Q: 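The structure under discussion is supplied below as structure tokens; questions concerning it will follow.
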Protein chains: 2
Amino acid sequence: MTVSKTFEKPAEAIKVRKDAPEGTSEALQLGELSEQLGYVLKRAQLKVFENFLRCMASLQLTPAQFSVLLLVEKNPGRNQTEIASTLGILRPNFVAMLDNLESRDLCARIRSTNDRRSHILVLTDKGKAVLTRAKKLVATKHEARLNELLGPANRAALLAMLSKIANEF
Amino acid sequence: MTVSKTFEKPAEAIKVRKDAPEGTSEALQLGELSEQLGYVLKRAQLKVFENFLRCMASLQLTPAQFSVLLLVEKNPGRNQTEIASTLGILRPNFVAMLDNLESRDLCARIRSTNDRRSHILVLTDKGKAVLTRAKKLVATKHEARLNELLGPANRAALLAMLSKIANEF
DNA sequence: TGATAATTGTTATGGACTATATCAAATATC
DNA sequence: GATATTTGATATAGTCCATAACAATTATCA
């Protein structure tokens, strides 16, 4: 992927390109693929998550973990089922995720006094501090880059359309 | 999620809602989550893929399989490495995928005469016919619904922005 | 009240997708 | 012609996602 690859062999740079018999070569045509919204949507999502992970490398937070911390902060006192379901996470899969966050002292499970089956979720002090730093990283590194690429108006329009798809499709 | 839930017990409809001690209840606040582009992007992508699968249920084609057929049709005579890499699929993972498509007689591997290591990929007659039907289903059911939801102009703008993210982010 | 049903967190488990190392056959390089 | 590279393939491990089942607790209601 390095650009320097091009300059490694300047002497033979003009040769006929490998030994292609008669065919075309090199770049493939995407064709209708580049018009398929699902395809482009998936590629864009992977790129955004990839960048998110890079921006959050110092805090070791995945997009899913960040969303849990955000939701628990906004809705303190809710139980696992409520937090998990609004994030689209199945309860069984949420257990290991919370084990991770709890082992890092970012959030805590508290037995509810009203319903002793359920665990109330809250952020620890460290969790609040980490989330604050995470928000700053996301704003200054991640979302800022998107704003730079699209412009604020386009970014808002993109978010609105994606929300519409996510909620009404 | 049914609205009828509200009407199941009209007699006690005014009770204090369960036995909540003093807390708020019911709907959780998404808060900043709904402003996170990555979060909304992921939710939208899941919805679009879900709808795609429903539209393609009669042909039993996943988004990934559809993209392979589209790319092979547009670029006949390419080998596995070329097709896989332009789709972002790792070669080892592409093997089972091709095994599936080949077992269904949708595409075929042909030993290249130029380079006997590589397998040239082509669509079978059945593969071409299935792809034609798949394109119609996608156009009339899937993309049509998106056009209906967003409008053609917005859909085009959305595609353009997602492409920009996918390519330049 | 007491029997039954439902809910909560949890474990176990399987499937789908992704990522890396490795291999034999074939080809490229020098 | 010796060495390195490429291609398709296998094995394997990790991460998500989904379902069934269970104990503890609570809700329902006859």
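Fair warning: this is a prediction, and the values are worked out from it, not measured in the lab.
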Q: Are any non-hydrogen side-chain atoms of B:Ser67 and B:Thr62 less than 4.5 angstrom apart?
A: no
Q: To the nearest Å, how far apart are A:Leu98 CG and C:dG9 P?
A: 9 Å
Q: Enumerate the residue pairs fulfilling side-chain hydrogen bond (donor to acceptor under 3.5 Å, both in side chains) with a member in residues 155-169 of chain A, sequence neighbours excluded, ordered by first and then second residue.
A: A:Glu143-A:Arg155
Q: I need the full list of side-chain hydrogen bond (donor to acceptor under 3.5 Å, both in side chains) pairs touching residues 28-41 of chain A, with sequence neighbours left out, sorted by first then second residue.
A: A:Glu32-B:Lys135, A:Tyr39-A:Arg43
Q: From CG of A:Leu121 over to C1' of C:dT8, roughly how many Å is that when rounded to an integer?
A: 12 Å
Q: Using a 4.5 Å cut-off on heavy atoms from C-beta on, say whether the side chain of A:Val130 contacts that of A:Lys126.
A: yes
Q: Taking only N and O in the side chain of B:Arg109, is any of them less than 4.0 Å away from OP1 or OP2 of D:dA9?
A: yes
Q: A quick test of your reading: do over 12 heavy atoms of other residues, nucleotides or ligands sit less than 6.0 Å from CZ of B:Arg145?
A: yes
Q: I need the minimum non-hydrogen distance between B:Ile120 and B:Gly77, along with the two atoms involved.
A: CD1-O, 3.0 Å
Q: Which whole-number value in Å describes the distance from A:Phe94 CZ to C:dT8 P?
A: 14 Å
Q: Treat primed atoms plus P, OP1 and OP2 as sugar-phosphate and everything else as base, then score nucleotides 15-20 of chain C 5' to 3': B for base contact with protein heavy atoms under 4.0 Å, S for sugar-phosphate contact only, - for none.
A: ---BBB
Q: Measure from the side-chain heavy atoms of A:Thr81 and tell me the nearest of C:dT8, C:dA26, C:dT10.
A: C:dT8
Q: Rounded to the Å, how far apart are B:Ile120 CD1 and D:dT7 P?
A: 11 Å
Q: Over all heavy atoms of both residues, which pair between A:Arg104 and A:Leu61 is shortest? Give the atoms and the distance, please.
A: NH2-CD2, 3.9 Å
Q: Whole-Å distance between D:dC17 P and B:Phe49 CZ?
A: 13 Å
Q: Are any protein N/O atoms closer than 3.5 Å to N/O atoms in nucleotides 2-7 of chain C? If there are, list each pair with its distance.
A:
unit_1: C:dT7; atom_1: O2; unit_2: A:Arg117; atom_2: NH1; d: 2.8

Q: Whole Å only: how far is the CE atom of A:Met97 from the C1' atom of C:dG9?
A: 16 Å
Q: Can you list the steps and then say if A:Lys42 with A:Gln45 is a side-chain contact (heavy atoms from CB on, under 4.5 Å)?
A: CA-CA 5 Å; A:Lys42 176 76 176 184; A:Gln45 183 259 314; 4.1 Å; yes
Q: Enter the distance from A:Gln80:CD to A:Ser85:OG here, rounded to the nearest 0.5 Å.
A: 12.0 Å
Q: Write down the distance between NE2 (A:His119) and P (C:dT11), rounded to a whole number of angstrom.
A: 11 Å
Q: Between the two ends of the helix from C:dT1-D:dA30 to C:dC30-D:dG1, what is the bend in degrees, rounded to 10 degrees, where each end axis spans five pairs?
A: 20°
Q: Once rounded to the nearest 0.5 Å, what's the spacing between atom CG of A:Leu37 and atom CG of B:Leu146?
A: 5.5 Å
Q: Once you round it to whole Å, what is the distance between P of C:dA24 and CZ of B:Arg116?
A: 18 Å
Q: Nearest-nucleotide wise, let me know which of A:Ser112 and B:Gln80 is further upstream toward the 5' end of DNA chain D.
A: B:Gln80
Q: Using 0.5 Å steps for rounding, measure from the NZ atom of A:Lys74 to the CG atom of A:Leu69.
A: 15.5 Å
Q: Looking for any heavy atom pair under 4.0 Å, which part of the strands does A:Arg91 touch: base, sugar-phosphate only, or nothing?
A: base
Q: Please tell me if the side chains of A:Phe66 and A:Leu131 come closer than 4.5 Å, counting only heavy atoms from C-beta onward.
A: yes
Q: Per the side chain to side chain contact (heavy atoms under 4.5 Å, CB included) rule, which among A:Leu150, A:Leu46, A:Asn51 passes with B:Phe169?
A: A:Asn51
Q: Might you list the N or O atoms of the protein lying below 3.5 Å from N or O atoms in nucleotides 1-3 of chain D, with each pair's distance?
A:
none

Q: Drop me the distance from A:Glu82's CD to A:Leu121's CG, to the nearest 0.5 angstrom.
A: 9.0 Å
